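Here is the naming used below: chain letters follow the sequence lines, and residue numbers restart at 1 for every chain. Note that this is a predicted model, so its numbers are computed, not measured.
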Amino acid sequence: MFGWCGKILRIDLTAEEFFIEEPEREVLHTYIGGRGLAGSYLAQEVTRDWNDPAMPLLLFAGPLVGTVSPASGRMTIMSRSPLTGTVGDTSAGGNFGTFLKKAGWDGILITGASTSLCGIEIADGAVVINHVPEFAGLTTEETVQYLADKGSTAVIGPAAERGVLFSNIIIDGHSAAGRNGIGLIFAAKNIKYISVRGTGKVPVHDPEELKRAREDIVRLTAASPVLLGELGISRYGTPALYDLMHTRNMMPTDNFRKTSFDDAPSMNAFNLHKTYKPLNAGCRGCHIRCKKITPKGSAIPEFESLSHFSALLNNSDLPSVVEANRICNELGMDTISAASTLACYSELEERTLTSREICKLLHDIGWGRGEIGIALGQGSARYAKSQGSPESSISVKGQELPAYDPRGAYGMALAYATSTRGGCHLRAYPVSHEILRKPVATDRFSWSGKSRIIKIAEDANAVVDSLAACKFIFFAASLEEYARAFTATTGVETSAQDLLKKGERIYYLERIMNSRNGFSSADDDLPPRFFSGHGSARNNASAKPLDRNDFLVARSNYYKIRGLDAKGAPTEKKAKELGLKWKS
Amino acid sequence: MEKLMQKYEQKLCTAGLAEEGEPLMGILDAELCWNRKNRHTALLEKIFQQMNINSILFSKPKEPYNSIINFLSRASNEAIYPEDCESRTFLHDLPIAADFSDTAIIPRLRNRKCVLIPGYGVIAFGTVSLEQAFITFSSVCFASFVKFFSDILHKKKKGLISLEESKFLDRIRRSLPQPVEHFSALSSAPFEAETEVLNALEEAGKKIVDYGLVDSYFGNISYCFHDTLYISQTGSSLDELAGCIDPCPLDGSSCAGITASSELSTHMEIIKTLGTKAILHGHPRFSVIISMDCDRYECPCRGFCHRKCPEIRNLADVPIVSGEVGTGPFGLCRTVPQAVEKARGAIVYGHGVFSTGKEDFNEAFLRMLAIENTSYKEYFRRFDA
């Protein structure tokens with residue numbers, strides 16, 4: 001077998017036993033790896049509560065991980081989301097995926113719960129469950145210091161231990177695997193950390209052909225202004241997008257009540273760079289190296305964190321933005337949800353939070369301190385509802401929205417609504433064509449054609465997450481080039497269109513899982529604010545509210561194209577067409 | 001959607017890539033929409049059914065492209081392998097279908113952005129927009145043209161050209177437009193305000209398209225005004241630059257120009273080192289072709305000339321340098337800025353021309369036109385020698 005290791009590590013934490021599962025080739029070929037393969041396992045248990053010990057926690061790499069395929073060092077961590085109740089997954093960077101493959105595993109499936117706080121240490125074929133009750137309450141940074149010789153690490157912080165619904169996982173000390181609150185699944189199973197070391201090599205079917213595929217991809221990235229250009233993310237990290245969102249009048253400001261932040265020019269990537277002089281870092285095997293860290297090793301905010309801890313909170317103090325980001329990473333919390341929950345709180349309190357308050361509240365949330373801290377730790381949707389003002393939570397399916405105002409990009413509006421993991425920009429990533437002009441520019445203020453564009457992009461990104469590659473590189477390359485890399489790696493003949501078909505199947509399975517948990521068209525919707533409120537006036541134009549009827553037509557078209565019924569529910573006919581098992 | 005299809009049909013015809021009434025276009029969202037009724041839509045609908053795409057363009061290219069594509073296809077098996085830089089980078093190769101059937105066409109489209117069907121035309125598709133199909137179609141015409149003239153010159157020099165090939169070249173040669181020597185002047189410097197700069201950029205962009213100095217509509221253009229470089233956005237059409245120009249402060253204090261042309265670094269470096277204000281970059285066809293003609297057949301870099309040609313050759317006083325698109329280790333940003341200094345212009349191997357103007361676009365445009373005209377004459381001088 002090439003590309004895949006052919007082995008899944010199954011760990012039963014209750015019994016403290018582990019088993020080797022060898023998935024059938026057909027399963028690997030169908031679901032690829034990463035998000036697709038993890039989803040195929042999750043589907044079997046998805047109607048359980050997220051904290052049911054039998055609910056699996058899945059950490060899966062993909063067939064390209066550990067090879068020279070560019071930007072292919074990622075992995076998926078998946079379970080049912082504690083925050084949204086949907087399929088819950090996060091794409092994780094750093095070294096973990098590569099080390100997992102080098103250790104000989106395509107993925108780890110964990111069920112049960114440990115009797116006390118534990119760490120799972122994997123070194124090639126050896127697995128040790130290490131009870132570490134003394135690690136309780138340690139920050140991610142403190143935990144990582146104890147694990148210096150353990151290889152790549154995935155750790156949670158105090159926030160997960162205190163039940164924060166948007167807890168995340170920190171990979172290798174500075175790469176956050178956020179969204180969906182998957183850190184809380186670690187806590188539910190009493191896992192403080194997982195480490196992995198591997199000394200093997202991932203077998204490649206045709207190394208010379210893979211090198212040629214790599215050259216094609218790398219050449220495309222060199223031609224990409226967004227990736228390797230003078231102002232691109234290789235140089236400035238994802239904060240390079242900050243000025244663009246400002247100039248496009250779609251920077252979420254003041255809890256999405258405005259779309260322009262006056263102080264943005266002084267809070268941008270250039271100033272961040274000048275002030276903090278960050279070093280380049282990145283995922284294993286990536287030449288773009290978009291991660292920026294301080295000389296001391298802590299992460300510089302990504303674009304979403306920079307935008308939400310500044311504009312969304314009306315905060316013009318750059319050091320406090322960096323500090324807020326650091327607190328979230330240290331305590332193990334998703335920055336988008338954390339900032340957005342604070343913005344919701346600020347709106348309900350009818351006042352702007354000071355930078356000092358922002359940092360204090362983050363500590364209160366992460367440490368589970370005080371009535372407000374605990375309440376905000378349940379996320380904006382629950383908090384706003386508890387205050388009798390659900391519309392103040394700017395979330396979809398209970399997950400807070402990222403830093404692109406949908407009134408400025410209609411494809412993004414539809415993508416937020418249809419995402420299978422709740423408010424998320426990455427499922428379809430229309431930023432690519434609506435803002436960054438790749439592969440070509442589309443009219444961001446038009447719904448025309450967007451239903452199919454979003455559907456195709458969701459399929460494509462399901463493949464990307466399954467390979468498991470980085471979405472950023474697809475600003476330059478496409479599945480055309482990655483199909484060649486896939487075939488060279490695995491020896492399995494494929495094409496871009498074959499891969500898209502697999503992506504369609506993976507996405508549809510996620511819709512089936514959500515449907516089985518009661519999600520419907522009522523959940524594929526946006527906060528009312530976007531249909532009634534104007535954004536900011538800028539350059540003699542204001543961000544108009546979305547037309548509700550146009551949105552519903554686009555969503556209805558999306559359902560039709562995706563093969564769902566009028567309520568957004570999967571159909572037996574489509575499921576069978578895609579070769580998926582159907583349970584009524 | 002109808003408007004979009006009309007727009008691209010118009011652009012194909014204006015650029016001389018297709019005859020009026022020839023392009024057949026379909027866009028699929030919830031429903032499939034065609035720009036006209038045609039007997040071929042039944043087959044193209046099978047493509048929509050079997051592929052995850054949203055748009056198709058099928059057309060017979062206008063002459064001489066159609067004849068050239070048919071000619072190259074006859075000499076190739078599965079695919080044509082273009083050697084110009086942009087086609088290598090973005091298209092890789094041009095697959096050929098043996099006949100006009102779904103079984104011949106679809107397997108090839110599943111792996112590439114287009115397929116050539118000799119005698120019928122070219123099919124290209126998009127997954128985001130019809131514009132992708134349009135760009136691919138346009139690139140196929142450009143890549144085929146460049147490959148044909150490059151290959152045949154090479155054969156002539158090696159004494160390998162057949163009578164049939166020679167006759168074919170004569171026919172194509174007669175159909176080519178004669179070089180244009182003169183042009184109506186563009187706006188003159190000094191420019192007092194940003195709006196004047198934007199107007200000058202739009203005007204020069206249109207002119208470069210009108211004179212066929214780009215691969216259909218694509219190239220890039222910039223002007224430096226008050227410590228800011230105004231540059232066309234990546235993927236922008238040079239005849240439609242309104243709203244597609246990014247202001248990039250020279251001190252780098254804003255990243256809003258992240259959507260600027262992939263050649264931003266090259267433009268910036270030229271501006272900073274030479275103090276020139278106007279820069280044009282186009283893909284004039286004979287400049288690209290002549291840049292690929294090199295008699296050093298035993299050169300160890302043969303096959304990698306676009307990356308690491310060991311010497312700077314010249315066309316008259318204009319240097320020909322290596323360099324790939326963008327900022328990679330072999331990026332043209334490492335070769336062009338030094339090269340343009342003396343001659344106010346340079347040709348990048350298998351790619352295109354950069355030309356500069358000290359104050360406005362008149363000088364830059366004249367320079368690019370002169371380089372292309374010289375290239376045209378030099379090509380046929382070498383061929384006839």
note = Ranking B:C333, B:G326, B:C255 by heavy-atom pairs under 4.5 Å to chain A gives rank one to B:C255
inquiry  = Treating A:S521 as the side-chain partner and A:G568 as the backbone partner, does any N or O pair qualify as donor plus acceptor under 3.5 Å?
reply    = no
query = With chain A, which of B:V128, B:N52, B:T259 has the greatest number of heavy-atom pairs at distances under 4.5 Å?
reply = B:N52
ask   = Taking all non-hydrogen atoms of both residues, which atom of A:D524 and which atom of A:F551 are closest, and how far apart?
value = O-CZ, 3.9 Å
request  = Kindly say whether A:L272 contributes a backbone atom to a donor-acceptor pair with the side chain of A:T275 at under 3.5 angstrom?
outcome  = no
message = So for A:T221, is it side chain, backbone, both, or neither that comes closer than 4.5 Å to the heavy atoms of chain B?
response = neither
query = Does the distance from a Lys or Arg side-chain N to an Asp or Glu carboxylate O, for A:D565 and A:K560, drop under 4.0 Å?
reply = no
note = Most contact-rich option vs chain A, by heavy-atom pairs under 4.5 angstrom, among B:L264, B:V325, B:T234, B:N54, is B:T234
key: B:S55 portion near chain A, given a 4.5 angstrom heavy-atom threshold   = neither
query = For B:E31, is it the side chain, the backbone, both or neither that has a heavy atom under 4.5 Å from a heavy atom of chain A?
reply = side chain
ask   = Just by distance, do the side chain of A:T247 and the backbone of A:D243 share a donor-acceptor pair under 3.5 Å?
value = yes
inquiry  = Can you tell me which portion of A:A441 sits under 4.5 Å from chain B's heavy atoms? Options are side chain, backbone, both or neither.
reply    = backbone
query = Contact part of A:S451 toward chain B, heavy-atom cut-off under 4.5 Å: side chain, backbone, both or neither?
reply = both
query = Using non-hydrogen atoms only, which part of A:R235 is less than 4.5 Å away from chain B: side chain, backbone, both, or neither?
reply = neither
ask   = For A:L227, is it the side chain, the backbone, both, or neither that has a heavy atom closer than 4.5 Å to a heavy atom of chain B?
value = neither
request  = Can you tell which part of A:D498 gets under 4.5 Å to a heavy atom of chain B, answering side chain, backbone, both or neither?
outcome  = both
request  = Could you give me the CA-CA distance, side-chain angles and deciding distance for B:H283 and B:H351, then say whether ring-ring contact (aromatic ring centres under 6.0 Å, His included) is met?
outcome  = CA-CA 6 Å; B:H283 308 139; B:H351 182 157; 5.2 Å; yes
ask   = Looking just at side-chain N and O atoms, do A:D550 and A:Y410 make a donor-acceptor pair shorter than 3.5 Å?
value = no
ask   = Within the distance-only criterion (no hydrogens, no angle test), does the side chain of B:D215 pair as donor or acceptor with the backbone N or O of B:F218 below 3.5 angstrom?
value = no
key: chain B contact via A:L500 - which portion, at a heavy-atom distance below 4.5 Å   = both
ask   = For A:K274, is it the side chain, the backbone, both or neither that has a heavy atom under 4.5 Å from a heavy atom of chain B?
value = neither
ask   = Are any of the side-chain nitrogens in A:K292 or A:E302 under 4.0 Å away from the carboxylate oxygens of its partner?
value = no
inquiry  = So which residue, A:I561, A:N557, A:I456, ends up with the most heavy-atom pairs under 4.5 Å with chain B?
reply    = A:I456
ask   = For B:D251, is it the side chain, the backbone, both or neither that has a heavy atom under 4.5 Å from a heavy atom of chain A?
value = backbone
request  = Look at B:D84 together with B:R88 and state whether they make a salt bridge at an N to O cut-off of under 4.0 Å.
outcome  = no
message = Can you tell me which portion of B:Q132 sits under 4.5 Å from chain A's heavy atoms? Options are side chain, backbone, both or neither.
response = both
ask   = Would you call A:K574 and A:E504 a salt bridge, taking side-chain N to carboxylate O under 4.0 Å as the test?
value = yes
task = Select one option (side chain, backbone, both, neither) describing which atoms of B:I258 are under 4.5 Å from chain A's heavy atoms.
result = both
request  = Among B:I53, B:L4, B:I135, single out the residue with the greatest number of heavy-atom pairs under 4.5 Å to chain A.
outcome  = B:I53
message = Assess whether a salt bridge exists between B:D239 and B:K11, defined as any Lys/Arg side-chain N lying under 4.0 Å from an Asp/Glu carboxylate O.
response = yes
task = Output the option from A:G229, A:S448, A:A240, A:G232 having the highest count of non-hydrogen pairs under 4.5 Å with chain B.
result = A:A240
key: When A:L436, A:I453, A:L231, A:L244 are compared by non-hydrogen pairs under 4.5 Å with chain B, the top option   = A:L231
key: SB check B:E240 B:K7 (cutoff 4.0 Å)   = yes
query = For the candidates B:D29, B:L28, B:N111, B:T89, which exhibits the highest count of non-hydrogen atom pairs separated by less than 4.5 Å from chain A?
reply = B:D29
Top of B:M1, B:M268, B:M51, B:Q50 for chain A proximity - count of heavy-atom pairs under 4.5 angstrom = B:M51
